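A short write-up of the structure that comes next.
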2 protein chains.
Amino acid sequence: MAPPKKASDGYHHGDLRAALLRAAVELIAEHGVAKLSLRECARHAGVSHAAPYRHFESKDALLVAIAEEGFAWLHEAGRAAMDGLTDPRKRLDAYGVAYVRFALEHPVHHRVMFTLQPDDDSLTAGLGREAFELLQAAAVAVTGPEVDPRHAAVAAWSIPHGLSMLILDGRVPAGLVTDEDAAEDLARAVLSLWRGPLGG
Amino acid sequence: MAPPKKASDGYHHGDLRAALLRAAVELIAEHGVAKLSLRECARHAGVSHAAPYRHFESKDALLVAIAEEGFAWLHEAGRAAMDGLTDPRKRLDAYGVAYVRFALEHPVHHRVMFTLQPDDDSLTAGLGREAFELLQAAAVAVTGPEVDPRHAAVAAWSIPHGLSMLILDGRVPAGLVTDEDAAEDLARAVLSLWRGPLGG
DNA sequence: CCCAGGATGTTGACGATGCCAACATCCGTG
DNA sequence: CACGGATGTTGGCATCGTCAACATCCTGGG
């Protein structure tokens, strides 16, 4: 049927699409998304400079594919983190912590997900809707029905999203985020600050 | 001395640096930072394709200059917003609201500020330190001295930063942010949600 | 079994870009 | 008033995104 990995025969690659995505992520991690070049992805995958066009309409489409992958992973991470929890507040916190951890584990994906310009509107629209709806449900479960669900979702999203962005941009004092576990701790600390001295 | 604007004489431009910055911001607003081209900036400013190099070492340097300008404006906006307020919590909220308003008023600057890749570390380091320190002081004034100031600052920053990013990326349901004033209202709503149902 | 057509890769080309070097023009200062 | 530095210009190079034409390989219908 559709074995994701066919054998390479020297002419056909076997799984170029996945190889290109891997190469792109690696190159972005090294030189930043701005300097990503399709031709270098092709080189890394060992194919000619035009081969990528058999799998992606354009360079932007490649980036959109990375974003799609990232949103799927994020959705899954959020789902898994809340799995088994019943207390609405604990569920929401778990989502937030998982969000930050995801950003740390897949910094390139996270960056690409939220770097795509509105140019790509047609491609971008509805990208990550699942993840958003999951979060919105978790938030509404906490705020109750008298709060505008969109407000609830945006509020709940802001903290983990802002924190992730700040970490990835290196704006959080070094030493506070030595690894993913430290980032989780930081996320918990931030949330509890808003439940404690900053909130109330 | 240094009149920022000399007269244009047909050969020399008069104020090319500022004109290039303006053109860059305009072009980024139109086509996204990814497709910004120095040569098109030059065309917009009415000079030849290599003229920009008399004012910016590289394309990245142009972007860094935009970021610097943005951080200066942000710092000033935060300062002005807190001006005259004495209650620590009100000051912090005012900063947050001003932050979101700034992002809406200068979306390109905001995006460039937080899009620069760690490549530019040497250029980026300490960029926006002033704005960060102002926020940290405002946050510590709320949390009190027994809270790690870095935690306080990051927590206080996360909400307006996350909210701004979500808005600029178009991830906030349309209609919730029709203009800058609506964005301010949304910012206040988000903050009060964290003080109300989401917090405590 | 085989061969025709689609899927996948390759080569070559075009225009645009970032950046550099060599040259031109103009301003202010000795 | 001449001359040196600041500012612009022209031309060139390597690279890039993309397209068209061509090559290779796999697969399914006879």
Side-chain angles (χ1 to χ4, degrees), chain A residues 1-24 27-28 30-66 112 116-117 119-120 123, chain B residues 1-24 26-28 30-66 112 115-117 119-120 123:
Chain A
M1 307 269 98
K5 195 132 199 162
K6 316 178 209 169
S8 162
D9 54 45
Y11 191 93
H12 291 86
H13 178 286
D15 197 11
L16 221 207
R17 189 187 151 93
L20 287 171
L21 285 174
R22 260 199 314 276
L27 291 172
I28 293 174
E30 244 180 285
H31 307 109
V33 58
K35 334 240 180 212
L36 177 69
S37 119
L38 262 194
R39 290 167 104 111
E40 196 169 347
C41 289
R43 261 174 254 134
H44 263 237
V47 294
S48 74
H49 67 247
Y53 285 87
R54 298 296 160 186
H55 299 271
F56 302 99
E57 271 194 1
S58 66
K59 180 180 167 180
D60 281 341
L62 198 239
L63 291 176
V64 170
I66 292 178
V112 171
L116 294 179
Q117 293 287 129
D119 280 42
D120 326 294
L123 303 169
Chain B
M1 305 272 95
K5 195 134 196 159
K6 316 177 209 169
S8 162
D9 53 45
Y11 192 93
H12 291 87
H13 177 286
D15 197 11
L16 222 207
R17 189 189 151 92
L20 288 171
L21 285 173
R22 260 200 314 276
E26 196 177 321
L27 291 172
I28 293 175
E30 242 180 286
H31 305 109
V33 58
K35 332 239 185 223
L36 177 69
S37 117
L38 266 192
R39 288 165 105 113
E40 197 169 348
C41 289
R43 260 174 254 133
H44 264 238
V47 295
S48 74
H49 65 246
Y53 287 88
R54 299 295 161 187
H55 298 272
F56 302 99
E57 270 194 1
S58 65
K59 180 179 167 181
D60 281 341
L62 195 240
L63 292 176
V64 169
I66 293 178
V112 171
T115 284
L116 294 178
Q117 294 286 129
D119 279 43
D120 327 293
L123 303 167

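Per chain, numbering begins at 1; letters A, B, ... match sequence-line order. This structure is a prediction, so every number in the text was calculated from the model and none was measured.
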Measure from [atom1] on [X] to [atom2] on [N] and round the result to the nearest Å.
{"X": "A:Arg17", "N": "C:dG9", "atom1": "CZ", "atom2": "P", "answer": "12 Å"}
{"X": "A:Leu16", "N": "C:dA7", "atom1": "CG", "atom2": "P", "answer": "16 Å"}
{"X": "B:His55", "N": "D:dA6", "atom1": "NE2", "atom2": "P", "answer": "12 Å"}
{"X": "B:Leu20", "N": "D:dT7", "atom1": "CG", "atom2": "C1'", "answer": "12 Å"}
{"X": "B:Phe56", "N": "C:dC20", "atom1": "CZ", "atom2": "C1'", "answer": "19 Å"}
{"X": "A:Leu63", "N": "D:dG17", "atom1": "CG", "atom2": "P", "answer": "10 Å"}

Q. Can you give one letter per nucleotide of nucleotides 10-16 of chain D, going 5' to 3': B for a protein heavy atom under 4.0 Å from the base, S for sugar-phosphate only, - for none?
A. BBB---B

Q.
Once rounded to the nearest 0.5 Å, what's the spacing between atom CD1 of B:Ile66 and atom CG of B:Leu116?
A.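 Atom-to-atom, B:Ile66:CD1 and B:Leu116:CG are 9.0 Å apart.
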
**Q.** Helix axis bend for the helix from C:dC1-D:dG30 to C:dG30-D:dC1 - C1'-based end axes, five pairs, 10° rounding
**A.**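 Computed from the C1' atoms at both ends, the axes differ by 0°.
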
Q) Would you call A:Asp15 and A:Arg22 a salt bridge, taking side-chain N to carboxylate O under 4.0 Å as the test? A) no

Please tabulate, for the side chains in residues 36-46 of chain B, all donor-acceptor contacts under 3.5 angstrom to protein atoms that are two or more places apart in sequence or on a different chain.
unit_1  : atom_1 : unit_2  : atom_2 : d
B:Ser37 : OG     : B:Arg39 : N      : 3.3
B:Ser37 : OG     : B:Glu40 : N      : 2.9

**Q.** For B:Ala65, side chain to side chain contact (heavy atoms under 4.5 Å, CB included) partners two or more places apart
**A.**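 By the side chain to side chain contact (heavy atoms under 4.5 Å, CB included) rule, B:Ala65 matches B:Arg17, B:Leu21, B:Phe56.
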
Check nucleotides 21-23 of chain D for protein N or O atoms closer than 3.5 Å to its own N or O atoms and list the pairs.
unit_1 : atom_1 : unit_2  : atom_2 : d
D:dA21 : N6     : A:Arg54 : NH2    : 3.2
D:dA23 : N3     : A:Tyr11 : OH     : 2.9

Q.
Any heavy-atom pair between the side chains of A:Ile28 and A:Leu63 that's under 4.5 Å?
A.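 A:Leu63 reaches A:Ile28 side chain to side chain.
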
Q: For the residue pair B:Leu20 and B:Arg54, establish whether any side-chain heavy-atom pair is separated by less than 4.5 Å.
A: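 No, their side chains stay 4.5 Å or more apart.
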
**Q.** Chi angles and distances behind the side-chain contact (heavy atoms from CB on, under 4.5 Å) call for A:Lys35, B:Asp60
**A.** CA-CA 11 Å; A:Lys35 334 240 180 212; B:Asp60 281 341; 2.5 Å; yes

